[in-house]
Participant: 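Below is a structure I'd like to ask you about.
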Amino acid sequence: MAEQRNETPTDNDAYVREVHDKGLQFDLRTMSRRRMLTVLGGAGVLGAVGGRLLADQSPASAACVAEVESETAGPYPADGSNGVEIRTVAGVVRGDIRSSFNGATGVAGGIGLDFSLTVLNLSCVPLAGAAVYAWHCDREGRYSLYSSGVTNQNYLRGIQATDATGTATFRSIYPGCYAGRWPHIHFEVYSSPANATNGRGPIVKTSQIALPKDVSSAVYATSGYSQSVTNLSRISLATDGVFRDDLAAREMATVTGSVTSGYTARLTISVKG
């Protein structure tokens, strides 16, 4: 399995101090230099850039790309790896992850974001019937179940099966940018919904979706995201501890939409499966 890189926010951030106080461990391994991007052409294919699904492409016509990088799950996965398990909780299989569930109440506020992940095998065959577990921070940069103020919430987490095109889609809100990290969404790929919800896996791939700077800047200019403006100004893809090796070539989503109508993010990846 490919090694995973650190997700280590800056130590002088109060939010990070809270995490360190809890004794959560970070993956200290780093990835080796990335393999060269491989893009295969085909009839009717308009092309893909670094694994991104272009706005005028359907998942079925996306060009093949090299296997997406493995990344750290970070300190907030709630996948049982650090004592918190959400994958086995009733109701976690859902498309709309904006609200908490299974008795928890609360809805994450923010600019709307529908994001989809299309999963292919290394022969470019869609992995239908697989599953994706996705999670990300709220607009204040907090992770449900972990961060102060939202430990009693489990929003912005969910599992979806992939359809015939290998695509899993989630309705959410645009995540904030917390200190030391580029705006991103975490995900784990499983071979089936049963393996995603049994608490044992196995996990096929753990990685992250990067979100583009221009869209993030537009979102962060709206109400509720004020701290993200400062945090984004202090980070770049070149300095981000996760994406810096290849500047998120195979992990950067294509995003369309507006702050008034909401956004749609798409990413196509290849995994061993």
Side-chain angles (χ1 to χ4, degrees), residues 1-9 27 29-42 45-74 113 115-127 132 134 136 162 165-168 174-175 177 180-189 203-217 219 232 234-256 263-273:
M1 179 177 290
E3 291 184 325
Q4 297 178 340
R5 290 171 289 166
N6 299 342
E7 177 171 348
T8 308
D27 191 337
R29 296 171 296 170
T30 57
M31 285 197 69
S32 60
R33 181 58 55 185
R34 298 299 172 78
R35 291 168 296 175
M36 292 183 65
L37 175 66
T38 301
V39 179
L40 304 180
V45 174
L46 297 180
V49 179
R52 287 177 288 173
L53 179 64
L54 299 184
D56 55 355
Q57 289 180 280
S58 65
S61 67
C64 292
V65 294
E67 181 182 2
V68 71
E69 286 72 22
S70 294
E71 308 291 11
T72 177
L113 175 69
F115 65 92
S116 62
L117 187 69
T118 298
V119 186
L120 313 175
N121 66 19
L122 297 186
S123 297
C124 291
V125 177
L127 291 184
V132 175
H136 63 80
T162 59
T165 69
T167 302
Y174 204 95
C177 177
R181 277 309 319 277
W182 188 263
H184 63 283
I185 297 169
H186 293 267
F187 67 87
E188 294 172 344
V189 176
I203 301 170
V204 173
K205 175 67 67 173
T206 302
S207 194
Q208 299 181 25
I209 301 171
L211 298 172
K213 184 175 184 179
D214 57 344
V215 176
S216 297
S217 295
V219 171
L232 185 61
R234 295 174 176 172
I235 190 72
S236 68
L237 285 172
T239 59
D240 183 78
V242 170
F243 297 128
R244 65 187 175 194
D245 280 5
D246 69 349
L247 302 186
R250 282 178 287 274
E251 299 161 290
M252 181 65 71
T254 294
V255 182
T256 58
Y263 290 92
T264 298
R266 299 183 179 90
L267 179 68
T268 296
I269 63 168
S270 294
V271 302
K272 293 179 180 178

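Computed over heavy atoms, backbone and side chain alike; hydrogens, waters and symmetry mates excluded.
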Participant: Heavy atoms only: give me the nearest T165-T118 pair and the separation to one decimal.
Facilitator: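 T165 and T118 have their closest heavy atoms at O-CG2, 3.4 Å.
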Participant: Looking at T206 and T72, what are the two nearest heavy atoms and their distance?
Facilitator: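 Heavy-atom minimum between the residues: CG2-C, 4.3 Å.
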Participant: Might you point out which heavy atoms bring H136 and P175 nearest each other, and give the distance in Å?
Facilitator: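 Answer, listing the atom of H136 first, then P175: ND1-CB, 3.5 Å.
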Participant: Taking only residues two or more places apart in sequence, or in another chain, which ones meet F115 in a ring pair (Phe, Tyr, Trp, His ring centres under 6.0 Å)?
Facilitator: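 By the ring pair (Phe, Tyr, Trp, His ring centres under 6.0 Å) rule, F115 matches F170.
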Participant: Exactly one of I269, D246, L211 should register a side-chain contact (heavy atoms from CB on, under 4.5 Å) with E251. Which one does?
Facilitator: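 When I269, D246, L211 are each tested with E251, the side-chain contact (heavy atoms from CB on, under 4.5 Å) holds only for D246.
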Participant: Could you grab the distance from atom OG of S70 to atom CD of Q208, nearest 0.5 Å is fine?
Facilitator: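 Rounded to the nearest 0.5 Å, the OG-CD separation comes to 11.0 Å.
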Participant: Between CG of L117 and CD1 of I185, what distance do you get to the nearest 0.5 Å?
Facilitator: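 Result: 9.5 Å between the selected atoms.
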Participant: Roughly how far, to the nearest 0.5 Å, is CD of E67 from CG of N121?
Facilitator: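 One gets 11.0 Å once the value is rounded to the nearest 0.5 Å.
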Participant: For the atom pair NE2 (H184) and CD (E71), what is the distance rounded to the nearest 0.5 Å?
Facilitator: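 Nearest 0.5 Å value for the NE2-CD distance: 10.0 Å.
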Participant: Is any NZ, NE, NH1 or NH2 atom of the basic residue among K205 and E188 found under 4.0 Å from an Asp or Glu carboxylate oxygen of the other?
Facilitator: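 Looking at E188 together with K205, the answer is no, because their closest N to O distance does not fall below 4.0 Å.
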Participant: Give me the atom names and distance for the closest heavy-atom approach of P126 to G166.
Facilitator: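 Closest approach of P126 to G166, heavy atoms only: CB-N, 3.8 Å.
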Participant: Please name all residues satisfying side-chain hydrogen bond (donor to acceptor under 3.5 Å, both in side chains) with S216, sequence neighbours left out, ordered by chain then number.
Facilitator: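 side-chain hydrogen bond (donor to acceptor under 3.5 Å, both in side chains) check on S216 returns Y174.
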Participant: State which residues pass side-chain hydrogen bond (donor to acceptor under 3.5 Å, both in side chains) with S236; sequence neighbours excluded, sorted by chain then number.
Facilitator: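 side-chain hydrogen bond (donor to acceptor under 3.5 Å, both in side chains) list for S236, sorted by chain: T239.
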Participant: How far does OG of S270 sit from CG of L120, to the nearest 0.5 angstrom?
Facilitator: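 Interatomic distance, S270 OG to L120 CG, rounded to 0.5 Å: 4.5 Å.
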Participant: How far apart are the closest heavy atoms of P212 and W182, and which atoms are they?
Facilitator: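 So the two residues come closest at C-CZ2, 4.5 Å.
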Participant: When rounded to the nearest 0.5 angstrom, what is the spacing between CG in L232 and CZ in R234?
Facilitator: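 It comes to 11.5 Å.
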